[in-house]
2 protein chains.
Amino acid sequence: MRDPADTPMPRRRRRKPAAGEDPAKRAQILDGAREVFARLGFDAASMNDITRESGVSKSTIYVYFASKEDLFEALLAQTRERLLGEITAELDRPGSVAEVLGRYGRHLARTICSENVISAHRTVIGVTERRPELGRRFYQDGGRRGMEALRSYLLRQIAAGTLSIGDPELAAYQFVELSMAGLFRRRVMAHMDREPEDAEIDRTVDAAVAMFLASYGTGKGAGGAEI
Amino acid sequence: MRDPADTPMPRRRRRKPAAGEDPAKRAQILDGAREVFARLGFDAASMNDITRESGVSKSTIYVYFASKEDLFEALLAQTRERLLGEITAELDRPGSVAEVLGRYGRHLARTICSENVISAHRTVIGVTERRPELGRRFYQDGGRRGMEALRSYLLRQIAAGTLSIGDPELAAYQFVELSMAGLFRRRVMAHMDREPEDAEIDRTVDAAVAMFLASYGTGKGAGGAEI
DNA sequence: AAAGAATCGAACCGATCGGTTCGATGTTGC
DNA sequence: GCAACATCGAACCGATCGGTTCGATTCTTT
C-alpha cells in the first residue's frame, strides 16, 4: 500500500497546484494503475482496485483522468516514452558493425524481455482487437521507431561498403527478430517465466550477429571475424 | 444470429444424446464463444454475449460447461489442435533443404499471421499474466511442437551433411522468427491490419531461407543456389 | 398420441462495475 | 489564524455481471 508521503518530490513546488495539476499526484495514480493493469489486464482491472493500489481517492482520480480508458491511454503513452531512447542510442556509438549490432541486440533483448515490458505487451495486445489504434500506436512509438533507427544505421553501412543488403527494411526486421529468437515469444506466452540470463541473451545475440554478417557482411570492416 | 436448423449434422444420430452430450450443440456453443472471445477478449466477453451469438440458451450452456473459464479453456484446447498438423507435415515431404524450409516457412507464416490465429494469440496473451498456464499450454501445444519438429529435421540434415549447425535448437528458433520477420509482430499489434499477401510472405521466407543457408549450409545438396 | 427428457428463455440473485455526489478533512497561501 | 481550495471517502446510481431457477416448449422414442 502506497504512502503518499513516500512519493519522491522532484523539487519544491512554487505554488499549490490547481485541482488535477499536481504532477506528484498524477504520478501516484499512474503508478498504482500500472500495477493493477499489469496484473489484471484492462478489463478485469477495476477503478476500485486502482484506488486501493494507488492510495488516491476515486473522486480524485476522476479529477485527473476523464475515464478508465483515459487513464489507460495515459499509462500506455508513458510506457512507450521509456522504451526506446537508450536502445537506439547504441547505434550512435563507435565500433565495428559486429560490435554495434551486438550492443544494440543485447540492449533490445534485455529491454523487450524484461518483466515490465512483457507485462505492457500483454496488456496492450489484450485490448488490440477492440482498440487496434492502441496496439498500433504502441508499436509505432516503440518497436517501429527502433526498427527505423536500425534501418538507417544499415543504410549508412551499405554506403560505407561494410554491408551489402538488397532489402534494408527486411534486414532490419530480421536482425530484430534474430536478437530475440527463442526469447520474446516464450516470455510473452509464459513458457519462460523469468527474465533471460545474460548468457542466454549473449548466445542469442552473438548468433544473430554471426548469421547477419554471414549473409550481409562484405568482409570490409564489419568485424564479423572478431566475434 | 445462428439458426440451430442450419447446424450441419455430421451424420444421423442413432439416439438422442443425454443432456450435455450432443456434439452438435457443443460445437454450436464453441463457435459462438469463439466469435465473442475473439472480438472482446476473455474479460469483456459476457455469457449473455455468448448466448446471443451462439443461439444457445444460457442455462443450456451451463449444462455443457461448468463456467465461463471452463468454456474458454475448452475453446483454447480446440484451437490448439488445429494449428500445427499441416505445417509440420511439410517437413516430411521430399525436396532439398531450401525447398522444404521454404514450404515450411510459408505455411508457418501464412497460418500464424491468419486472422483466426492472430485473434487467438491476442486472447491468450491477454490472460497470460493472470493465467500463465493457459499461455504456456497454448505455446507448448502449438509453437513449441512445430519448433521441435523443425529441430528434428535440422538434426537429420546435420547428420546427412547438408547443414552444419552448432546449436540446432537456436537455429530452429531463428528460422521460425526469420520466416515471420516483419509480419507477426506487426499483425498482433494491428500495425498491419490484414493478412499478408503471398508476395510478402514469399519475400520474407525466401530471404529467411537464403540467410539460413548462408549461415548453416554446407553447399552439399541443401539447394540454396536454386533459390 | 403419450411419455420422457433436452432445451429454452424469462426472471431472479448477490455482487461488482464505472462513474457521480457531497460533506468532511487536510493543505497551502496570505 | 483564516480563507480558499485540493483531496478524501462514504454513499449512491443505473447497469451489467456470472450463475441459478423453473415452467414452457420442443424433440425423440415408443
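Each chain gets a letter, A, B and so on, in the order its sequence line appears, and its residues count up from 1.
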Protein-nucleotide distance (A:M47, atom CE; D:dG9, atom C1'), rounded to Å: 15 Å
Taking only distance into account, with no hydrogens and no angle test, what donor-acceptor pairs under 3.5 Å do side-chain atoms of residues 60-68 of chain B form with protein atoms, sequence neighbours excluded?
from	atom 1	to	atom 2	distance (Å)
B:Y64	OH	B:D22	N	3.3
B:S67	OG	B:E69	N	3.4
B:S67	OG	B:D70	N	3.1
B:K68	NZ	B:F42	O	3.0
B:K68	NZ	B:A45	O	2.6

Closest nucleotide among C:dC17, D:dG18, C:dT7 to the B:K58 side chain: D:dG18
Could you list the protein-to-nucleotides 2-4 of chain C atom pairs, N/O on both sides, closer than 3.5 Å?
from	atom 1	to	atom 2	distance (Å)
C:dG4	N2	B:K16	NZ	3.2

Nucleotide C:dT16, atom P - distance to CG of B:N48 in whole Å: 18 Å
Rounded distance (Å) that lies between atom C1' of D:dT26 and atom CG of B:D22: 14 Å
Nearest-neighbour nucleotide for the A:S59 side chain, D:dT7, C:dG18, D:dG9 considered: D:dG9
Nucleotide D:dA4, atom P - distance to CD of A:E21 in whole Å: 21 Å
Smallest separation among heavy atoms of B:V205 and B:L101, with atom names: CG1-O, 4.4 Å
Residue pair A:A207 / B:Q174: nearest heavy atoms and the distance that separates them: CB-NE2, 3.5 Å
A:Y139 and B:H191 aromatic ring geometry - parallel, tilted or perpendicular at 30°/60° bounds: tilted
B:D49 versus B:S46, side-chain donor and acceptor atoms under 3.5 Å: yes
B:V56, nearest nucleotide to its side chain (from D:dG18, C:dC17, C:dC8): C:dC8
Of residues 62-75 of chain A, the positions that come close to DNA chain D - non-hydrogen atoms, cut-off under 4.0 Å: A:Y64
Residue pair A:N48 / A:K58: nearest heavy atoms and the distance that separates them: OD1-NZ, 3.1 Å
Interatomic distance, B:I29 CD1 vs C:dA6 P [rounded to whole Å]: 14 Å
N or O in side chain of B:K25 less than 4.0 angstrom from C:dC8 OP1/OP2: yes
Rounded interatomic separation in angstrom, taking CZ from A:R26 and P from D:dT7: 13 Å
Sugar-phosphate only, base, or nothing, as touched by A:A45 at under 4.0 Å among non-hydrogen atoms: sugar-phosphate
Atom pair distance, as rounded to whole Å: CD1 in A:I50 and P in C:dT16: 17 Å
Ion pair check, A:R52 and A:E35, cut-off under 4.0 Å: no
Whole-Å distance separating the CZ atom of B:R52 from the P atom of C:dC8: 16 Å
For B:R93 against B:V100, the heavy-atom pair lying closest together: O-CG2, 3.6 Å
Residue-phosphate contact under 4.0 Å: A:S57 side-chain N/O, D:dG9 OP1/OP2: no
Distance test, side-chain N/O of A:S46 to OP1/OP2 of C:dT16, below 4.0 Å: no
Shortest non-hydrogen separation from A:R144 to B:R186 and the atoms involved: NH1-NE, 4.1 Å
Closest heavy-atom pair and its distance - A:R145, A:D141: NH1-O, 3.4 Å
